[in-house]
2 protein chains.
Amino acid sequence: MDPASGFLPAKHNHRRCVEDALKTAEDVCRRRGQRLTEQRRQVLELVWQAHMPMRAYDLLDKLKKVHRAAAPPTIYRALDFLIANGLIHRIESLNAFVGCGDPEHAHAGQFLVCQDCHAVAEMADPGVATLLKKKASQHGFFALRQTVEIFGLCPACAENHGGDHTAMSAAAK
Amino acid sequence: MDPASGFLPAKHNHRRCVEDALKTAEDVCRRRGQRLTEQRRQVLELVWQAHMPMRAYDLLDKLKKVHRAAAPPTIYRALDFLIANGLIHRIESLNAFVGCGDPEHAHAGQFLVCQDCHAVAEMADPGVATLLKKKASQHGFFALRQTVEIFGLCPACAENHGGDHTAMSAAAK
DNA sequence: CACACGATGTTATGATGTTGCAAACGGAGC
DNA sequence: GCTCCGTTTGCAACATCATAACATCGTGTG
């Protein structure tokens with residue numbers, strides 16, 4: 001199953017899932033005649049390694065460890081490229097980025113963001129995307145791009161907190 | 001009809017619609033025992049006057065004209081208050097704020113953002129919100145809050161551009 | 001009046017993202 | 001190999017977005 005869809009078990013083969021993502025990225029770029037340069041590959045790898053939303057400057061700090069000259073434009077250019085090729089998604093509410101499990105097909109993803117552990121899952125439900133497009137068109141609006149971000153509790157965190165997630169998350173601060 | 005739902009005709013009674021929004025805000029705050037101070041009222045008025053997404057520093061510049069001492073915290077505090085009371089919404093993709101036409105009821109709004117004229121309409125379709133919550137729960141996710149932002153062309157801009165919005169918007173730059 | 005608490009003033013700083021231009025790289029054609 | 005040319009990267013500065021920390025002020029309440 002697609003590694004980006006749904007929340008992952010605590011112990012999955014993480015090294016493997018990063019490798020798969022990079023392999024897929026290489027395939028996709030080769031087919032499209034796009035250059036997945038070393039820098040871009042490294043940034044993509046950092047995003048996948050974290051397996052949770054990564055912010056630009058966090059990625060920059062990590063990138064600097066293997067590439068001292070890295071600066072903000074370094075990261076943002078790589079992120080722009082990766083987004084343009086559907087290899088990552090941007091989570092607007094977090095100013096953060098996550099890997100996309102299905103870069104081969106353009107799609108409007110819906111993101112489930114856990115407020116507790118910060119894990120993110122992508123739904124990519126075509127029914128949702130279609131409904132939104134349809135609802136928009138009922139308002140005379142021609143939809144081109146969607147951002148859908150749902151905040152709440154992932155299965156593991158909902159489990160841990162039982163019914164009183166409100167009290168718990170307040171206490172957790 | 002609710003002034004914030006749907007795109008407005010080019011010539012609506014704008015002064016009236018700002019006044020109504022402020023009146024409603026006063027009612028809501030009074031009932032909740034919240035203080036709609038002069039500063040907060042002014043910021044809310046600025047948001048409604050623009051009738052399109054306003055960024056914090058744009059509001060700050062405008063506020064300075066009637067209140068020289070205004071600084072970033074001035075604006076952000078007012079915006080925090082207004083959001084907390086449902087009087088405005090934040091558009092995450094734009095780092096901008098729009099007035100809410102229905103502050104009386106908590107709701108998950110869906111925003112239609114025109115890429116051309118930057119107008120924004122709020123759908124607040126409960127069916128959409130419910131569907132998203134349900135889809136999320138099918139993934140074991142307990143949804144608490146939603147951000148739905150749809151980019152495209154509003155009725156007026158879609159009309160002007162006919163079929164070739166791509167060429168037009170490229171040329172428009 | 002005195003107190004408490006929320007609101008505001010003020011300065012500084014942190015966090016996020018972009019522009020502009022020059023240099024280096026890398027593939028296409030010779 | 002060499003030139004040409006478009007893409008990618010280096011680099012410095014800047015633009016934008018948001019918050020921290022602490023002092024002061026205002027207002028309602030006992």
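What you see is a predicted model, and the numbers here were worked out from it, not measured in a lab. So you know, we letter chains A, B, ... as the sequences are listed, proteins then strands, and number each from 1.
Between the side chains of A:Gln110 and B:His139, not a single donor N or O lies within less than 3.5 Å of an accepting N or O. In this structure, a donor-acceptor pair under 3.5 Å is present between the side chains of A:Ser93 and A:Glu149. Using modelled atom types and a 3.5 Å distance limit, the side chains of B:His67 and B:Gln42 yield no donor-acceptor pair.
Between B:Asn85 atom CG and B:Arg35 atom CZ the span is 13.0 Å, to the nearest 0.5 Å. Rounding to the nearest 0.5 Å places CZ of B:Arg55 at 9.5 Å from CG of B:Leu94.
Between the CG atom of B:Asn85 and the P atom of C:dA7 there is a distance of 10 Å, given to the nearest Å. Between A:Glu38 atom CD and C:dA24 atom C1' there is a gap of 17 Å when expressed in whole angstrom units. Across the protein-nucleic acid pair, B:Arg40 atom CZ and C:dA7 atom C1' stand 6 Å apart, rounded to whole Å. The nearest whole Å value for the distance from the CE atom in A:Met54 to the P atom in C:dT16 is 12 Å. Nucleotide C:dC25 holds its C1' atom 16 Å from the CG atom of A:Leu36, rounded to whole Å. For the pair B:Ile75 CD1 and C:dT10 C1', the computed distance is 16 Å after rounding to whole Å. Rounded to whole angstrom, the span from the CG atom of A:Leu60 across to the P atom of C:dA15 amounts to 13 Å.
At C:dT8, none of the side-chain N or O atoms of B:His67 fall inside 4.0 Å of OP1 or OP2 (strictly under the cut-off). Put simply, B:Gln34 has no side-chain N or O that comes within less than 4.0 Å of OP1 or OP2 on C:dG6.
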Heavy-atom protein contacts under 4.0 Å, nucleotides 11-30 of chain D, coded B base, S sugar-phosphate only, - none: BB----BBBBB-----S---
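In this structure, A:Arg68 reaches neither bases nor backbone, as no heavy-atom distance under 4.0 Å exists between it and the strands shown.
Figure legend: B:Lys135 and B:Phe141 shown without cation-pi pairing, the cationic atom not lying both under 6.0 angstrom from the six-membered ring centre and within 45 degrees of its axis.
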